[in-house]
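A, B, ... follow the sequence lines: proteins, then strands. Residue 1 opens every chain.
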Protein chains: 2
Amino acid sequence: MNDVRVLLVDDHPVVRAGLKAMLAGFEGISIAAEAADGQAALKELARLTVLGDGVDVVLMDLQMGAGMDGVAATAEIRKLAVPPPVLILTTYDTDADILAAVEAGASGYMLKDAPPEQIRRAVVAAAAGETVLAPRAAALLMNRITNPGTSLTPREVQLLELLATGLSNRAIARQTFISEATVKTHLVHIYGKLGVDNRTAAIAAATQRRIIRPPGQPG
Amino acid sequence: MNDVRVLLVDDHPVVRAGLKAMLAGFEGISIAAEAADGQAALKELARLTVLGDGVDVVLMDLQMGAGMDGVAATAEIRKLAVPPPVLILTTYDTDADILAAVEAGASGYMLKDAPPEQIRRAVVAAAAGETVLAPRAAALLMNRITNPGTSLTPREVQLLELLATGLSNRAIARQTFISEATVKTHLVHIYGKLGVDNRTAAIAAATQRRIIRPPGQPG
DNA sequence: CGGGGGGTCAATCAAAAGGTTGACTCCGGG
DNA sequence: CCCGGAGTCAACCTTTTGATTGACCCCCCG
C-alpha cells in the first residue's frame with residue numbers, strides 16, 4: 001500500500017515544519033508539497049497533477065494572513081476536475097469557522113491542539129474519503145439537523161460576525177451587497193434565536209456560545 | 001562556545017514539533033525542554049535549575065488555550081532569582097499583545113510567520129541579553145513614547161465592561177446608580193478616546209486592545 | 001487659592017436601531 | 001406539484017442611541 005500523500009497549506013513556516021516533522025514520522029504518510037497560501041496551494045496541485053503525482057489529501061489552515069484564505073482556497077480546490085479531500089486543521093472551533101469550512105466543501109475539521117495520533121488518524125481517514133470532524137464540529141452539525149429552527153443560518157452567522165466588528169446596519173448592508181432593510185430583518189431573526197433584543201447583547205451571547213470569535217480576534 | 005539552551009512553551013504539539021525541528025537544525029542551538037502552558041514552563045525551569053542545566057532563553061507563545069497564558073507566565077518567570085530572557089514568539093502583532101508582553105517583561109517579540117533564519121537570530125540575540133523586536137512591535141513602542149495616548153479612566157472602563165455584556169444605557173444607569181444622561185456622557189468620552197462612534201465598535205476596539213475581556217469570558 | 005480633571009446631570013436634536021407587517025423569489029423535499 | 005424555509009426588500013412607527021451644550025460638585029495639585 002502506498003503512502004498517503006499530503007499537501008500542507010499554512011502561512012507559518014513553523015507550523016509547516018511541525019506538521020512535516022510530525023506526519024513524516026508516521027508510517028504511511030508522506031509530504032507531497034507545501035504552500036504558504038491558497039494561490040500557492042492551487043499551483044502546487046496543478047504542478048503535481050502534471051507530474052502524475054496525485055495528492056491524497058490537502059491539510060489546510062483556515063486563517064492565513066495574506067493572499068487567498070483557507071475557505072476561498074478550499075472552494076477553489078473543490079472546483080478542480082478531481083478534487084482531493086480538504087482537511088481543515090486550524091486553531092479555532094467557532095461555529096462561524098466550522099460552517100464556513102463545511103460550506104466551502106471541506107471533508108474534515110480538526111484542531112491544531114489535537115494530539116498527534118489523532119491528527120494522523122484524521123489525515124488517513126480524510127485521504128480515504130471519510131469525513132472527520134472534531135467533537136465540537138460534529139456536535140454543531142448534528143444540532144443543526146435535529147433542531148434547524150433554533151440555530152443560526154450561515155447567512156445569519158456571517159452578519160453576526162460583521163456586527164461584532166462594530167459596523168452599522170448600513171455598513172453591513174454595503175459590505176454584503178444587500179439592503180439595509182434586509183440587514184434589519186436578519187438581525188431581528190438573530191435576536192430572536194439568541195434571545196436578546198439589541199446588538200451588543202447579541203455579540204455577548206454569540207461570543208459566549210462560541211458562535212463567533214470575540215470581537216477583534218484575527219481571522 | 002556552548003549551545004544556546006532553549007525552553008519551548010506552546011500549547012500546540014504541532015508548533016512545538018515545528019520549532020524543535022527548526023531550531024535543532026541550527027548550529028549552536030539546542031532544546032532544553034518543552035512545556036504546554038505557563039505552569040508547566042515554570043516547573044521545567046525549576047527542574048532544570050536543580051539539575052544545574054541552565055536555560056538561556058524561553059521561547060513563549062502568547063495565546064495558550066488552557067492554563068496560565070503567555071503574559072502571566074512571562075511575569076512569573078521575571079520573578080525568579082535569575083530569570084532567563086523571555087522571547088515571545090506568537091501569531092499576532094496587535095497593540096494589545098505587544099504591550100502586554102513588554103509590560104510583563106518580555107525581552108523580545110517575534111512573529112511565527114518570520115523566516116527561520118530570522119527566528120534563529122532572534123533566539124541567539126535574546127539569549128545574549130539583547131532586545132529583539134519585530135518591525136511592527138518596534139514601531140508601536142516608538143509611537144507610544146512620542147504620542148502618550150489618552151487612556152480611559154477606571155470609571156470609563158467599568159462602563160465599557162457593562163456595555164460589553166449587552167446592557168442598554170438605561171440598564172447601565174440602573175446598575176451603576178447614575179442617570180442615563182451620565183452614562184451617555186461617559187460613552188461619548190469613551191468613543192472619543194477609542195476613536196469609534198458607536199457601542200459595538202467600542203466593544204471591538206476595547207476587546208482588541210485588551211482594555212476589557214471578550215464578552216462572556218471569565219477573569 | 002485657583003485651575004483642571006473626573007464625575008455628575010439636563011435639555012435638545014438628529015441619527016440609528018428595533019419591531020411589525022407584508023410581499024416576492026428561489027429551492028428542496030414530501 | 002405544493003409547502004416551507006431562507007433570503008430579499010419596503011413602509012411604517014417607536015425606542016434607543018449619539019452629539020452638543022452648558023452646568024454643578026469634588027478633590028488634588030501647583
Under-4.0 Å side-chain N/O to phosphate OP1/OP2 contact, [X] with [N]:
X: Y191(A); N: dG18(C); result: yes
X: R199(B); N: dA17(C); result: no
X: H189(A); N: dA6(D); result: no
X: N169(B); N: dT16(D); result: no
X: T182(B); N: dC9(C); result: yes

Next on the checklist: Applying a 4.0 Å non-hydrogen cut-off, can you work out what T153(B) is touching in the nucleic acid: base, sugar-phosphate, or nothing?
Outcome noted: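 The residue T153(B) makes sugar-phosphate contact but no base contact.
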Next on the checklist: Classify S179(B) by what it touches in the nucleic acid, base, sugar-phosphate, or nothing, heavy-atom distance under 4.0 Å.
Outcome noted: sugar-phosphate
Next on the checklist: Do T182(B) and T185(B) pair up side chain to side chain, a donor and an acceptor below 3.5 Å, judged on atom types alone?
Outcome noted: no
Checklist entry - In terms of the nearest nucleotide of DNA chain C, which residue is placed more toward the 5' end: K184(A) or K184(B)? => result K184(B)
Checklist entry - Considering heavy-atom distances to DNA chain C, does A181(B) or R170(A) have its closest nucleotide positioned more toward the 5' end? => result A181(B)
Item to check | Proximal nucleotide (of dG7(C), dG18(C), dT8(D)) relative to the R155(B) side chain | outcome: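 It is dG7(C).
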Checklist entry - In terms of side-chain heavy atoms of V188(B), which of dC9(C), dA19(D), dT17(D) is nearest? => result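 Selected nucleotide (nearest to the side chain): dA19(D).
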Item to check | Interatomic distance, I190(A) CD1 vs dA17(C) C1' [rounded to whole Å] | outcome: 14 Å
Checklist entry - Could you give the NE2-to-C1' distance, from H186(B) to dT17(D), as a whole number of Å? => result 16 Å
Next on the checklist: If you count every heavy atom of other residues, nucleotides or ligands that lies below 6.0 Å from R5(A) atom CZ, does the total exceed 12?
Outcome noted: yes
Item to check | Which atom of M110(B) lies closest to which atom of A122(B), heavy atoms considered | outcome: CG-CB, 3.7 Å
Next on the checklist: Using the rule given for salt bridge (charged side-chain N to carboxylate O under 4.0 Å, His left out), can you reason through R213(A) versus D97(A), listing the C-alpha separation, both sets of side-chain angles and the distance that settles it, and then say yes or no?
Outcome noted: CA-CA 9 Å; R213(A) 288 206 286 277; D97(A) 285 335; 2.3 Å; yes
Item to check | Residue whose closest nucleotide on DNA chain D lies nearer the 5' end, N198(B) versus T185(B) | outcome: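 Closer to the 5' end of DNA chain D: N198(B).
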